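Below is one structure, written out as structure tokens, with a few remarks after it.
Bear in mind that the values here come from a model prediction, so they are computed numbers and not experimental data. For reference, positions follow the sequence shown, starting with 1.
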Amino acid sequence: MASTADKKRADGTVSPRHYGTWMPILPPALVLVITWVFVIDQQSLEWSTNEQYFYGWAIPVLCLYLFLQRWPSRPERRPDRATTGLANLLAAGCVFLFLPLRFVQSANPDWRLVSWGAAGLGVVLTLALIARLGGRPWARHFLFPVAFFLVAVPWPTAIERGLIEQLMLFNAAVAAEFLSILGVPSVREGSVIATAAGKVGVEEACSGIFSLQTSIMMALFLGEFYRLPVSRRLGLLAAGVAAASIFNVGRTMFLVHVAAHRGMEAVDQYHDSIGYIILVATLVSLWLLSLLFLKGVSHNGGAGSTNGAPARPAAAFSKRSGLAFAGALAFFAAAETAKEGWFRSKGGELGVHPGWAIVPGEDLRQY
């Protein structure tokens with residue numbers, strides 16, 4: 001029978017012994033929180049300023065939802081010495097990488113390579129801590145919810161630019177061909193479609209890259225949400241890419257048809273609204289396809305085997321590991337202090353620059 005000291009006191013306080021059992025998990029939890037704050041802060045610039053990645057703000061919430069969805073079916077804990085050692089090594093590497101990444105991030109906040117480095121750091125550190133808790137079975141089980149965050153990381157510029165250019169040419173070529181078949185004379189000139197009323201350009205915003213990235217994200221999410229087999233997930237992903245391409249070509253055809261029959265001025269009236277309609281149509285069709293792929297899939301309902309799981313998560317972390325993660329927190333603080341001190345010292349050498357202002361002349365017309 002538990003002693004009185006192990007129970008919650010009548011006045012609402014918790015005994016020191018109860019605090020002691022949970023203390024080892026607090027440092028690794030704080031390390032994980034600080035790391036993900038750093039990761040999300042690095043992505044926030046693109047998420048806030050680039051409409052192509054606006055959906056990124058929803059990804060951390062979706063990752064957490066998918067993680068909690070998998071929690072009841074987690075397998076039995078099987079931590080072993082080799083896995084724990086590898087997890088410790090990966091966690092230590094992630095902690096030490098924090099310092100150079102913070103320096104590079106401060107100097108180049110919009111460099112996408114830094115965004116991938118930060119996201120990789122967060123994913124690896126999270127999986128390392130999960131492996132410490134439950135061994136390789138847990139790391140495999142929770143791999144997708146954690147790695148799903150990578151869909152929110154901006155694509156490398158070279159890949160993104162090349163894909164946008166190819167999508168622009170593809171949309172213009174296919175749309176012009178089908179419009180000519182439908183009786184709307186159209187000639188493609190690169191990424192521009194020439195009609196009798198004028199020329200309609202397929203620009204970056206009309207390339208379909210936004211709907212393509214969103215459909216890829218939704219296909220991956222729905223495949224995990226419905227726990228589809230790998231083959232069906234790949235099929236759903238391919239279907240999402242195809243749906244995004246088809247609907248975006250339809251959008252281009254519609255806008256060119258409007259320009260040919262109502263004039264170039266009418267295109268602006270439909271440009272944004274038809275874009276949102278096409279995006280919604282793509283996502284709805286993708287959801288319907290996921291329901292189609294769900295037919296015939298059997299799930300082993302109920303929670304998975306959790307025999308041998310510790311009654312307290314803190315049981316997977318010893319006092320020694322707690323001290324190690326406390327040292328990681330101190331390293332984070334030292335890294336931040338070193339970064340601030342470095343840039344402040346370099347900024348001080350630049351000196352004070354004279355202020356300046358624009359003074360309009362008398363011949364400048366005011367509006």
ask   = What orientation do Y55 and F210 show, parallel under 30°, tilted 30 to 60°, or perpendicular over 60°?
value = tilted

request  = Describe, in one word, how the ring planes of F221 and F225 are oriented to each other, choosing from parallel (under 30°), tilted (30 to 60°) and perpendicular (over 60°).
outcome  = parallel

All ring pair (Phe, Tyr, Trp, His ring centres under 6.0 Å) counterparts of W36, not counting sequence neighbours = F149

Chi angles and distances behind the side-chain contact (heavy atoms from CB on, under 4.5 Å) call for L294, R232 = CA-CA 8 Å; L294 186 60; R232 299 198 181 192; over 6 Å; no

task = Following the transitive rule for hydrophobic clusters with a side-chain heavy-atom cut-off under 4.5 Å over Ile, Leu, Val, Met, Phe, Trp and Tyr, establish whether L150 and L45 coincide in one cluster.
result = no

task = Examine V124 and L89 and state if one hydrophobic cluster contains both, with Ile, Leu, Val, Met, Phe, Trp and Tyr joined whenever side-chain heavy atoms are less than 4.5 Å apart.
result = no

query = So, W155 versus W116, ring centres under 6.0 angstrom or not?
reply = no

query = Which distance, rounded to the nearest 0.5 Å, do you find between the OG1 of T214 and the CD1 of I209?
reply = 9.5 Å

inquiry  = Quick check: is Y226 connected to V151 through a chain of hydrophobic side chains (ILVMFWY, heavy atoms under 4.5 Å apart)?
reply    = yes

ask   = With hydrophobic residues grouped by side-chain heavy-atom distances under 4.5 Å, do V249 and I246 end up in a single group?
value = no

message = Could you check whether Q43 and Y53, counting side-chain N and O atoms only, form a donor-acceptor pair closer than 3.5 Å?
response = no

query = Linking I/L/V/M/F/W/Y whenever any side-chain heavy atoms sit under 4.5 Å apart, do L86 and L129 land together?
reply = no

